[in-house]
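Working notes, structure below.
Not measured: the values here are computed from a predicted model. In each ligand, atom 1 is the first atom listed, and ligand 1 is the first ligand listed. Numbering of residues begins at 1 and proceeds along the displayed sequence.
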Amino acid sequence: MPIAKIAPSMLSSDFANLASEADRMIQCGADWLHMDIMFATRNGWVGWTLSSNHNILALVVSGYQIYGTTGLAEMFGLFSDILYQILLLALLSFKALESTPSNILLPLCFTQLHGCWNLLSSERIIVLISCRAYLDCHLMVTNPLDYVEPLGKAGASGFTFHVEASKDNWQELVQQIKLRGMKPGVALKPGTPVEEVYPLLDGENPVEMVLVMTVEPGFGGQKFMLETMEKVRDLRKKYPSLDIEASPSLTMMLQSPKIGNHKTSVMFDIVMQVDGGLGPSTIDAAASAGANCIVAGSSVFGAPEPAQVISLMRKSVEVAH
Ligand SMILES: O=C(CO)[C@H](O)[C@H](O)COP(=O)(O)O
């Protein structure tokens, strides 16, 4: 039977108090912490980040509030980041980007330093909380391979990349992720047909999780797209109880007492994750379609009693399965 996992999305947390927010969620019963990684990448491409500028800016600034600046290069990085965010906000306000379909990755050129600084800041934040939680990282970037080594070093537990961004190199990607001791997952956007992930599940070196995005990736608080449940149903039908043996590193993580509220199982069904607009009013639809890992941002962080929301969602998944 699939194990219910509830993963609060840290995108909705108070970035200035990231560590205590992470602790709070674990205390409230979270199994995983969901981390959205959607910074500019080293080669200057920007992923699905354009609609969440102030989140990114807040994260960048809060990184500096937590750690302080340590050198001229980082000071320069901070300024370039802020300028970058202002530029994007300006472009958005002039509606220059309105006609850009969200599934097209927008190329914007930046300096090498800018990309590195972004990577550095996300790494640091992950290091900050990695000793306390299973960090379920969702990479909304165009070149996920670049992130495998740094996120592995930083302590990421799960590494979920987008099928749309890895058509040519997913085999290498999965291999590298596993080599680094992380759990590979594949995500698909609402408009992407479910068949695109089948090769990643059927091959010799399969991913261990599928993330069906139930909103367009980018920011929290959007409306749950009920029509995406069709894909969850198709996946659950095709893989009703696909047990995947955990890699040794994953087994160790699952058995570690430090990482939240894991069940100590070495065999588990495929993790079917959903993300976007999940909360008390939508959980039953997702759970009955077959989802067992629920990412939820605003419904958990915005609740007066997050523990109640987490428990309600867990019950819904358990009852459905
Ligand atoms: O990836 C995401 C959106 O792209 C996030 O996980 C998002 O934080 C979900 O938030 P909410 O539960 O408020 O919809």
Flag, side chain of Q176 to backbone of L145, donor-acceptor distance under 3.5 Å:
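No, because the side chain of Q176 does not come within donor-acceptor range (under 3.5 Å) of the backbone of L145.
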
Need the ligand 1 atom indices (1-based, order shown) with element for anything under 4.0 Å from a heavy-atom of [X].
X: S9; value: 5 (C), 6 (O), 7 (C), 8 (O)
X: P217; value: 4 (O)
X: V295; value: 6 (O)
X: H34; value: 6 (O)
X: G277; value: 11 (P), 12 (O), 14 (O)
X: G276; value: 14 (O)
X: A296; value: 12 (O)

Would you please classify the geometry between the W32 ring and the Y134 ring as parallel, tilted or perpendicular, with 30° and 60° separating the classes?
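Taking W32 first and then Y134, their aromatic rings lie parallel (interplane angle under 30°).
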
Would you mind finding which of T214, D36, D275 brings a heavy atom closest to atom 9 (C) of ligand 1?
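When every heavy atom of T214, D36, D275 is considered, D275 comes closest to atom 9 (C) of ligand 1.
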
Best match, S298, G220, S299, G297: closest heavy atom to atom 13 (O) of ligand 1:
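Ranked by closest heavy atom to atom 13 (O) of ligand 1, first place is S298.
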
For F159, is the NZ or CZ atom of K183 found under 6.0 angstrom from the centre of its six-membered ring and inside 45 degrees of the ring axis?
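No, cation not above the ring by the 6.0 Å, 45° rule.
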
Side chains of [X] and [Y]: is there a donor and an acceptor less than 3.5 Å apart?
X: Q273; Y: D136; value: yes
X: D202; Y: Y239; value: yes
X: N205; Y: K178; value: yes

Any salt bridge linking K315 with E318? Criterion: basic side-chain nitrogen under 4.0 Å from a carboxylate oxygen.
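Looking at E318 together with K315, the answer is no, because their closest N to O distance does not fall below 4.0 Å.
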
Looking only at heavy atoms of G221, does any of them come nearer than 4.0 Å to an atom of ligand 1?
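Yes; G221 lies near enough to ligand 1 that a heavy-atom distance drops under 4.0 Å.
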
